[in-house]
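First comes the structure, then the notes that go with it.
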Amino acid sequence: MKIVCVGGGPAGLYAALLLKQDDPAHEVTVVERNGRDDTFGWGVVFSDQTLGNLEAADPPTARAILNAFNHWDDIAIHFRGRAIVSGGHGFCGIARKRLLAILQARCEELGVRLLFDSPVMDELELARRHRADLVLAADGIHSRIRTRHAAVYQPQVEQRHCRFVWLGTTKKFDAFTFAFEHTPHGWFQAHAYQYDGETSTFIVETPDETWRASGLEDLGVEDTLAFCERLFARHLDGHPLMAAAGHVRGSGMWTRFPRIVCREWVHWEQVDGCRVPLVLLGDAAHSAHFSIGSGTKLALEDAIELARRCSGRGVAELPEVLAGYREARALEVLKLQSAARNSMEWFENVERYSAMEAEQFAYSLLTRSQRLSHENLRLRDPAYVAGFERWLAERACVQAGVSLPVAAPSAEPAPPPMFTPYRVRGVTLKNRIVVSPMAQYSAVDGTVGDYHLMHLGARALGGAALVMAEMTCVSAEARITPGCPGLYSPVHTLAWRRIVDFVHANSDAKIGVQLGHAGAKGSTRRAWDGIDLPLESGSWPLVAASHQQYIAGVSQWAREASRIDMVRIRADFVRAAMAAREAGFDWLELHCAHGYLLSSFISPLTNRRQDDYGGSIENRCRFPLEVFAALRAVWPRQLPISVRISAHDWTPGGLTPDDAVVVARLFRDAGADMIDCSSGQVSRDESPQYGRMYQAPFADRIRNEAHIPTIAVGAIYEADHANGIIASGRADLCAVARPHLANPAWTLAEAARIGYTGAAWPRQYRAGKAQLERNLERERQQAAALAPRAAPVPDI
C-alpha cells in the first residue's frame with residue numbers, strides 16, 4: 001500500500017514505523033507542517049503497562065524510549081501545608097522532543113519518508129500527489145482534517161472549565177507532584193514531574209473564573225511566570241519557571257482543554273476514481289485530559305491496533321480492516337475517556353473537596369477516576385493504605401462515639417472503610433452497608449407476611465448495618481402494584497412489627513422503612529407480569545403533580561393533584577410515619593425519586609403546574625418539603641430521616657446534577673439527615689450512562705457541595721467499590737441492591753473475600769465463617785502462586 005500520514009507527532013510517526021516494519025513494501029510518507037526540531041509541551045508520561053505494549057509492538061523503539069526515561073514510583077500530594085506520599089505507581093517521563101527524535105530516527109531507519117515544513121491545505125490533493133491508498137489523519141487535537149469533514153466524523157468538542165498553562169522548570173521532582181495553593185480568588189493546582197535529568201514539566205491549572213479574577217488574562221509572559229513562581233514558591237525551591245517559545249501574552253499561554261469524541265473515525269473520499277479512506281488517529285479522534293497522562297498512550301495504542309489490523313491485508317480489504325480498527329479502539333477509548341472525565345471534573349472542582357483533611361483529600365485525588373480501586377492502591381503501597389485505614393477508622397469511631405474494634409488494636413490492621421461505624425442522630429450503624437429498598441411485590445392487600453419476614457430477616461443476619469424495607473405505600477391508592485406493602489391499616493402495623501421485632505431480637509442490624517406514593521406510576525402489574533404496564537382489571541385512580549401518562553399511549557392517565565389532594569396525601573404520610581414509629585422502625589426514608597408522586601413535583605419533566613407548586617425549583621420542591629416537615633414533626637427526634645431523590649433525569653430538559661445539589665440543600669435546611677442519591681426512572685425517554693458505581697458521583701457532589709451526608713447507590717457490587725466510596729468521602733453509606741438478592745449475606749461474604757476477619761457473624765453461623773475464611777485464603781494463596789504481580793492500572 002501507499003500510505004500518507006498527515007501529522008508528525010507520536011501517533012503519526014509510530015503508526016508509520018509500525019506499518020513499514022510490518023511490510024517493507026509499503027510506501028509510507030509522513031507529512032508534518034512544523035520543522036524537524038519544533039515541538040510543543042515539555043515532558044510525556046507513560047506507565048509501566050504502556051511500555052509493555054510498546055515492547056510487544058516494536059522492541060527497538062521501546063528500548064530506545066526506555067533508555068531515555070526518568071522513572072518514579074511515588075505520587076506526592078501537597079495540600080494545606082501537608083505532604084502525603086503514596087508509592088508503587090510505576091511511571092516514566094521523557095522529553096517530548098526526545099520521544100519525537102527516537103520515533104523519527106526509527107522511521108528513517110525503516111525507510112519511512114519524512115517531509116517537514118509541509119503544511120497540508122488539501123488532503124485530497126495530497127492523496128492524489130502520493131497516489132495514496134490510505135491517509136492517516138494524525139494532525140492533533142485541533143485537527144484540520146477532522147474539522148473539514150466534520151459532517152462525516154461528527155465530532156463533539158467540549159471546551160472544559162479550567163484554564164491551564166504548560167510550563168517547565170529546572171526543579172527536579174523525585175515524585176509525580178500535585179501541589180495546591182489557595183488564593184483570595186480560588187484554588188490553583190500544579191501537576192509536576194521530572195522527565196529528564198535536568199527538567200520537569202510544571203502544569204498550572206485553575207477554574208476559568210479564578211483565572212480571570214486573578215488578572216492573568218492581561219499579563220504578559222514574564223509577569224505570568226512571576227505570578228506562578230510566587231504562588232508555588234514553596235514547591236520550586238528557588239528554581240524558575242520557563243514558558244514554551246512563541247507565547248506573547250498570558251491569554252495566549254493559557255488554554256482550556258477540549259474534550260473530543262468522534263462518532264465516526266473513517267471517511268471515504270473519491271480520489272481519481274478510487275475510494276481513499278481518511279482515518280483519524282490519536283488526538284484527532286479523541287482526547288483524554290492530561291491529569292491521567294494518557295493522551296500519548298491512546299495515540300500509540302491506536303497506531304498499534306491499526307498496524308495489527310493492516311498486517312497481511314491489502315487495499316481491497318481496507319473497509320473491513322478499518323471497521324475493525326474503529327470498533328476495537330472506540331470501546332477502549334471510551335473507557336479511558338470516562339475515567340479521564342472523572343479525573344478532569346475532580347480538578348475542576350477542587351473547592352468541593354477543600355474542606356477535607358489532607359489525608360482524605362489525598363485519597364480522593366488518588367482514586368478520583370474510579371479506575372484506581374482501594375485494593376489496587378493497597379497492592380501498590382500496603383503501608384500507605386494501612387496507615388490511611390487506621391486514620392479513617394479512628395475518626396469514624398470518634399464520630400460514632402465508640403471505641404476502635406477489639407479486632408484492630410494499634411498493632412493490628414484497622415477495619416476497612418466499609419466496616420467502620422457511623423452514627424446518625426441516636427442510631428449507631430455497625431458498618432457502612434445498607435440493604436437497598438427493593439420492591440418484592442409479595443404483599444396481600446398491603447399486608448406483609450412470612451415472605452417478608454424471611455427476606456428481610458435473612459438480610460439482617462447477613463452483616464449489613466441497615467436493612468431498608470421496600471417502598472411502603474401510605475394508602476391503597478398510593479401503591480405501585482396490588483402486591484406492594486402499605487402502612488395505612490392497623491393490620492399492616494402489626495405485620496411490620498413482627499418483622500421489626502425479629503430483626504432486633506436476632507441481629508445487630510437496624511431496620512428502616514421507605515414511605516412513598518406511586519403517583520402516575522401506580523395501578524400497574526407486578527414486575528414479572530409486565531413492569532409498568534397497567535392492570536388489566538381492578539385499577540384505581542391516579543394523581544400526580546400534573547396531568548400525565550408515564551408510558552405514552554399505554555399507561556393510565558393521572559390527574560393533576562388539587563390542593564385538597566395534597567392535604568389528604570400529606571395526612572396519609574403522617575399516619576404512615578406514626579404507624580412506622582409504632583412498628584418500631586429505626587429509620588425513615590421519604591421516597592422523592594423515580595417519577596413517583598413526590599418526584600413528579602420535583603422534576604420539570606413532570607411538573608407543569610401554573611400555581612405556587614410549579615415553576616422554579618424551589619416551588620417544585622414545596623409540596624415534598626411540606627410532606628417532609630410533617631413527617632419530621634411526628635417522627636422521634638432521636639431517629640433519622642433520609643430522603644431518596646433522582647439526582648439526574650438523564651433526559652434533556654429534566655433535573656440535572658446541578659439541580660440535585662439545590663434540592664439536597666432544601667431538604668438539608670428542612671432537617672433531613674441524609675440524601676439517598678439515585679437517578680432516573682422519571683421519563684421513559686431517559687438515556688442513563690451505566691457503569692461501575694455510575695451514580696456515586698451524584699452522592700459525591702451532594703455530600704461535598706450541599707454539605708449533607710449521602711447514601712451512594714447503583715452498580716456497587718464489590719467490597720472494593722464500597723471501600724473506595726467511603727474512604728474518598730464520596731458518600732457516608734453504600735446501598736447495595738441486586739447483590740443482596742443473590743446473596744443475603746453479601747456483606748459477610750465480602751468481608752471474608754478481602755481477608756477481613758473482624759466482621760461479626762450470628763453465633764449460629766460462626767462455623768461457616770471459619771470455613772469460608774480458610775477457603776478464600778487458600779484461593780488467594782493459589783492465585784498469588786500462579787499469577788505474576790498484577791501490573792498497576794496507569795493513573796496519574
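Note: hydrogens, waters and symmetry copies are ignored here, and every other heavy atom, side chains too, is used. Only a predicted model underlies this, so the values are computations on that prediction, with no experimental measurement involved.
Residues H594 and S678 have side chains that bring a donor and an acceptor to within less than 3.5 angstrom of each other. Side-chain contact, T183 with H185: no donor N or O sits under 3.5 Å from an acceptor N or O. Side-chain atoms of T428 and R423 include a donor-acceptor pair closer than 3.5 Å. Between the side chains of H374 and E389, at least one donor-acceptor pair of N or O atoms lies under 3.5 Å. For the residue pair H648/E686, the side-chain donor-acceptor check at 3.5 Å is not satisfied.
For the pair L365/F180, a side-chain contact is recorded, criterion being any heavy-atom separation below 4.5 Å from C-beta on. Between D676 and M468, every side-chain heavy-atom pair lies at or beyond the 4.5 Å cut-off.
Ring to ring, F347 and H191 are close: their centroids are under 6.0 angstrom apart. Outside the 6.0 Å centre-distance limit, the rings of F176 and H89 are not counted as a close aromatic pair. Under the 6.0 Å cut-off for aromatic ring centres, F698 and W650 qualify, their centroids lying closer than that.
Rounding to the nearest 0.5 Å places OG of S364 at 6.5 Å from CG of D700. Interatomic distance, CD1 of I675 versus OG of S642, reported as 8.0 Å (0.5 Å rounding).
At distances below 3.5 Å, at least one donor-acceptor pair connects side-chain atoms of T420 with backbone N or O atoms of P417. Between the side chain of S603 and the backbone N or O of G654, no donor-acceptor pair lies under 3.5 Å.
Heavy-atom contacts from other residues, nucleotides or ligands closer than 6.0 Å to CD of Q638 number more than 12. Counting heavy-atom neighbours within 6.0 Å of R395 CZ, excluding the residue itself, gives a total above 12.
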Please evaluate residues E209 and R212 with respect to the criterion salt bridge (Lys or Arg N to Asp or Glu O under 4.0 Å), reporting the C-alpha separation (whole Å), side-chain torsions for both, the decisive distance (0.1 Å), and the verdict.
CA-CA 5 Å; E209 62 269 17; R212 293 182 185 280; over 6 Å; no
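A salt bridge between E205 and R160 is absent, with no side-chain N of the basic residue lying under 4.0 Å from a carboxylate O of the acidic one. No salt bridge links E626 with R622; every basic N to acidic carboxylate O contact stays at or beyond 4.0 Å. The residues R632 and D673 are annotated as salt-bridged, a charged nitrogen and a carboxylate oxygen being separated by less than 4.0 angstrom. In this structure, E357 does not pair ionically with R82, as no charged nitrogen and carboxylate oxygen lie closer than 4.0 Å.
W254 does not carry R163 over the face of its six-membered ring by the limits of under 6.0 Å from the centre and within 45° of the normal.
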